[in-house]
S.K.: 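This is the structure I have questions about; it appears just below.
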Amino acid sequence: MGLKIYNSLSRQLEEFSPLTEGHVSMYSCGPTVYDYIHIGNARTALVTDIIRRYLTYKGYTVKLVQNLTDIDDKIIARAQTLGTSSSQLAHTNGEAYFEDTQRLGIQLADVHPKATEHIPEMIDLIQTLIDKGAAYVVDGSVYYRVNSFNEYGKLSRRKPEDLLAGARVEVDERKEDPRDFDMWKAAKPGEPYWDSPWGPGRPGWHIECSSMAMKHLGETIDIHAGGEDLLFPHHENEIAQSELATGKPFARYWVHVAFLKIDGTRMGKSEQNFIFLRDALDKYPAEVIRHFLISAHYRHPLDYSLESLQKSESALRRLKNCLETLKKYEEETPEVTDGNSSTLRDVSDADTTLLSAIETMQSQFTAAMDNDFNTAQGMGTIFTLVSQINRALGSSNGISDQTFAHAYKVLSETCQVLGIYTMDEQDTAGTAEFLNPLLELLLEIRQDARSQKDWDTSDKIRDRLKQLNIEIQDTHEGSTWKFVS
RNA sequence: GGUGGCGUAGCCAAGUGGUAAGGCACGAGUCUGCAAAACUCCUAUUCGUCGGUUCGAUUCCGACCGCCACCUCCA
């Protein structure tokens, strides 16, 4: 309850209520698969993922559909330079897309429709629009007649005059109106094509999303998300096509994600200043990249830099240390409750204080996320609790194990909504199991040396392991080791 | 030219008509044989500039300066 979403259509924060109670239908514009995706693309995919996770956390049943544009001019052009087929290129990059996003911890959508698998639906939709007088055929191509939809421009707030004024657009003489856009493109020689009532060709970009969204989610969907660059013309055209065809609202909440910038300007494929997500993932753990990408509100631009990633890495380490310390209580608590009943009662003042801090965090986190998915603010509430827990952990003034176990449960669940605490662990687990006995032995030898104040041997072991990226830490309870990168 | 947005400490970044969340870095401590790690504490009389409205503005209005984006394929 209480979720507010900024709707680009009304340009206001609106109370969210789905069309069907308890269920949310969501469509997110996916990639055009002519290349790997870059971090900027990942930002939109990640925001979509987090919106979905949060809605699920709030108890909604979410159906998320994200398309793959697997036929388009760029794919054709790229395939030609690479000497491969469009379909092969699209397939390869489509697979790469799933691989990359999953590495980032983005969960698969419920449906990932591909444009090339929905040609009949698109033809139907185009035909409907022709029948309604909203489209016309020229030389085997079909254009949408913008003039036939009098609400055209309602999303981007652009008046016809404005659109024509700047007019850097090449005017296609065959169009009735420069604003008209193609829904079906007649195939040129050598291009891939599908048969249609208007001749061989391929669908335009906008019609893909209209028909795939409606096929999988119905004529009116709750949330439609995408990058802010898609607001015009892509989303405007989707509305024009869909609403004229059905006479119903196409999407109820339009969510637009701001750009990721690099050196102050937009990261974009045409700008040639992008960084592939997979390259970033090779250098930084997924949580770090996630943390960075949601460290600002999704409607504000965010500047990519190595420095920012390093900050995220440090911040996350603080979170993780806290969580890992807490986790021990969670593992031990069941045993404790088995035999000893003493820890079950006697809630001390310190317990109460921490317990209420946990509750405060929960309600503040929810409030932050309810406020148009304010992840930056939500993160703040998490870190506030981390400080409180750390202090409690250090003070050892009679806080029960159960309280800490509870803290672990709540904190980790909250982090999972943002996806910043769940991943990895397993990749090093296998080797750790093998190395464990060996390291134990080394630590034992080192401990013997230390008790005899043989610092040379002790330090030698520590230094040499350090060279192998294994770090030793001496604590009051003995020495521990871990991998460092 | 049209449209939208942004400017908060060294850096990143929330936020509100009533006196500035959080993170990183820095500094000071705790711990330690030393270290590392970890933890604690400290860090903006001030929110681009200048005006206006108000008892009171960083928050509302206006002007100006600077930056970004969309209007063309791009998440």
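Hydrogens, waters and symmetry mates play no part in the numbers below; they use all other heavy atoms, side chains included. All of these numbers come straight from a predicted model, not from anything done at the bench. Order of the sequence lines sets the chain letters (A, B, ...), proteins ahead of strands, with each chain counted from 1.
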S.K.: Classify the side chain of A:Arg266 and the base of B:rC68 as holding, or not holding, a donor-acceptor pair under 3.5 Å.
M.R.: no

S.K.: Is a salt bridge present between A:Asp474 and A:Arg450, judged by a nitrogen-to-oxygen distance below 4.0 Å?
M.R.: yes

S.K.: Looking for any heavy atom pair under 4.0 Å, which part of the strands does A:Gln473 touch: base, sugar-phosphate only, or nothing?
M.R.: base

S.K.: Roughly how many Å is it from CD1 in A:Ile389 to P in B:rC39, rounded to a whole number?
M.R.: 12 Å

S.K.: Show the nearest heavy-atom pair for residues A:Arg252 and A:Asn7, with the distance to one decimal.
M.R.: O-ND2, 2.8 Å

S.K.: Could you pull out the protein-nucleic contacts involving nucleotides 30-34 of chain B (nitrogen or oxygen on both sides, under 3.5 Å)?
M.R.:
residue: B:rG33; atom: O6; partner: A:Ser458; partner atom: OG; Å: 3.2
residue: B:rG33; atom: N1; partner: A:Asp459; partner atom: OD1; Å: 3.0
residue: B:rG33; atom: N2; partner: A:Asp459; partner atom: OD2; Å: 2.9
residue: B:rC34; atom: O2; partner: A:Arg462; partner atom: NH2; Å: 3.1
residue: B:rC34; atom: N3; partner: A:Arg462; partner atom: NH1; Å: 2.9
residue: B:rC34; atom: N3; partner: A:Arg462; partner atom: NH2; Å: 3.2
residue: B:rC34; atom: N4; partner: A:Arg462; partner atom: NH1; Å: 3.1
residue: B:rC34; atom: N4; partner: A:Asp474; partner atom: OD2; Å: 3.2

S.K.: Between B:rG48 and B:rA37, how far is it from one P atom to the other, in whole Å?
M.R.: 36 Å

S.K.: Rounded to whole angstrom, note down the P distance from B:rC6 over to B:rC60.
M.R.: 10 Å

S.K.: Could you tell me how far B:rA21 sits from B:rU43 if I compare only their C1' atoms? Round to whole Å.
M.R.: 15 Å

S.K.: State, with a plain yes or no, whether a side-chain heavy atom of A:Tyr144 is found less than 4.5 Å away from one of A:Ile207.
M.R.: no

S.K.: Between A:His300 (NE2) and B:rA13 (P), how many Å, whole number?
M.R.: 10 Å

S.K.: In whole angstroms, how far is the P atom of B:rG5 from the NZ atom of A:Lys261?
M.R.: 16 Å

S.K.: Applying ring-ring contact (aromatic ring centres under 6.0 Å, His included), name anything that partners A:Phe373, two or more places apart in sequence or on another chain.
M.R.: none

S.K.: On a whole-Å scale, what distance lies between the P atoms belonging to B:rA44 and B:rA9?
M.R.: 12 Å

S.K.: Measure from CG on A:Leu302 to P on B:rC6 and round the result to the nearest Å.
M.R.: 15 Å

S.K.: Can you list the stems that RNA chain B is part of, where a stem is at least 3 pairs in a row, each Watson-Crick or G-U, with both distances below 3.5 Å?
M.R.: B:1-7 with B:65-71, B:10-12 with B:22-24, B:27-30 with B:38-41, B:48-52 with B:60-64

S.K.: Scan for salt bridge (charged side-chain N to carboxylate O under 4.0 Å, His left out) pairs involving residues 67-81 of chain A, sequence neighbours excluded, and state none if there are none.
M.R.: A:Asp35-A:Arg78, A:Asp73-A:Lys185, A:Asp73-A:Arg202

S.K.: May I have the distance from A:Tyr97 (atom OH) to B:rA75 (atom P), rounded to whole angstrom?
M.R.: 10 Å

S.K.: Name the closest nucleotide to the A:Met267 side chain, picking from B:rA38, B:rA75, B:rA69.
M.R.: B:rA75

S.K.: Please identify each residue that fulfils side chain to side chain contact (heavy atoms under 4.5 Å, CB included) with A:Glu99, with sequence neighbours left out.
M.R.: A:Arg278

S.K.: Who are the ring-ring contact (aromatic ring centres under 6.0 Å, His included) partners of A:His216, not counting sequence neighbours?
M.R.: A:His118

S.K.: Could you tabulate the donor-acceptor pairs under 3.5 Å formed by side-chain atoms of residues 457-465 of chain A, not counting sequence neighbours?
M.R.:
residue: A:Thr457; atom: OG1; partner: A:Asp454; partner atom: OD1; Å: 3.1
residue: A:Thr457; atom: OG1; partner: A:Asp454; partner atom: OD2; Å: 2.5
residue: A:Ser458; atom: OG; partner: A:Arg446; partner atom: NE; Å: 3.3

S.K.: Is the distance between the ring centroids of A:Tyr253 and A:Phe16 under 6.0 Å?
M.R.: yes

S.K.: Can you check the distance between B:rG23 and B:rU19, where both ends of the measurement are the C1' atom (answer in whole Å)?
M.R.: 24 Å

S.K.: Given B:rA14, B:rA69, B:rG2, which nucleotide is nearest the side-chain atoms of A:Arg158?
M.R.: B:rG2

S.K.: Please list, chain by chain and in numerical order, all residues satisfying salt bridge (charged side-chain N to carboxylate O under 4.0 Å, His left out) with A:Glu413, sequence neighbours excluded.
M.R.: A:Lys409

S.K.: Toward the 5' end of RNA chain B, which comes first, A:Ser308 or A:Arg43, by nearest nucleotide?
M.R.: A:Ser308

S.K.: Rounded off to whole Å, could you give me the CD1-to-C1' distance for the A:Ile470 and B:rA36 pair?
M.R.: 15 Å

S.K.: Please state the C1' separation for the pair B:rC61 and B:rC70 - nearest whole angstrom.
M.R.: 26 Å

S.K.: When the distance from NE2 of A:His297 to P of B:rU16 is rounded to whole Å, what number comes out?
M.R.: 11 Å

S.K.: May I ask you to verify if any side-chain N or O of A:Asn390 is less than 4.0 angstrom from the OP1 or OP2 atom of B:rA38?
M.R.: no

S.K.: Separation of A:Leu260 atom CG from B:rC12 atom P, in whole Å?
M.R.: 14 Å

S.K.: Go through the structure and list residues passing side chain to side chain contact (heavy atoms under 4.5 Å, CB included) with A:Asp303, not counting sequence neighbours.
M.R.: A:Lys261

S.K.: How do A:Asn41 and A:Asp303 order along RNA chain B: which one's closest nucleotide is nearer the 5' end?
M.R.: A:Asp303

S.K.: Could you go through nucleotides 19-25 of chain B and list every protein N or O atom that sits under 3.5 Å from one of its N or O atoms, giving the distance for each pair?
M.R.:
residue: B:rG23; atom: OP1; partner: A:Arg318; partner atom: NH2; Å: 3.1

S.K.: With rounding to the closest Å, how many angstrom separate the C1' atoms on B:rU54 and B:rC64?
M.R.: 23 Å

S.K.: Which value, in whole Å, describes the distance between the C1' atoms of nucleotides B:rG22 and B:rU32?
M.R.: 30 Å

S.K.: Residues two or more places apart in sequence or in another chain: which of them pass side chain to side chain donor-acceptor pair (under 3.5 Å) with A:Ser28?
M.R.: A:Thr48

S.K.: Residues in side chain to side chain contact (heavy atoms under 4.5 Å, CB included) with A:Thr353, at least two apart?
M.R.: none

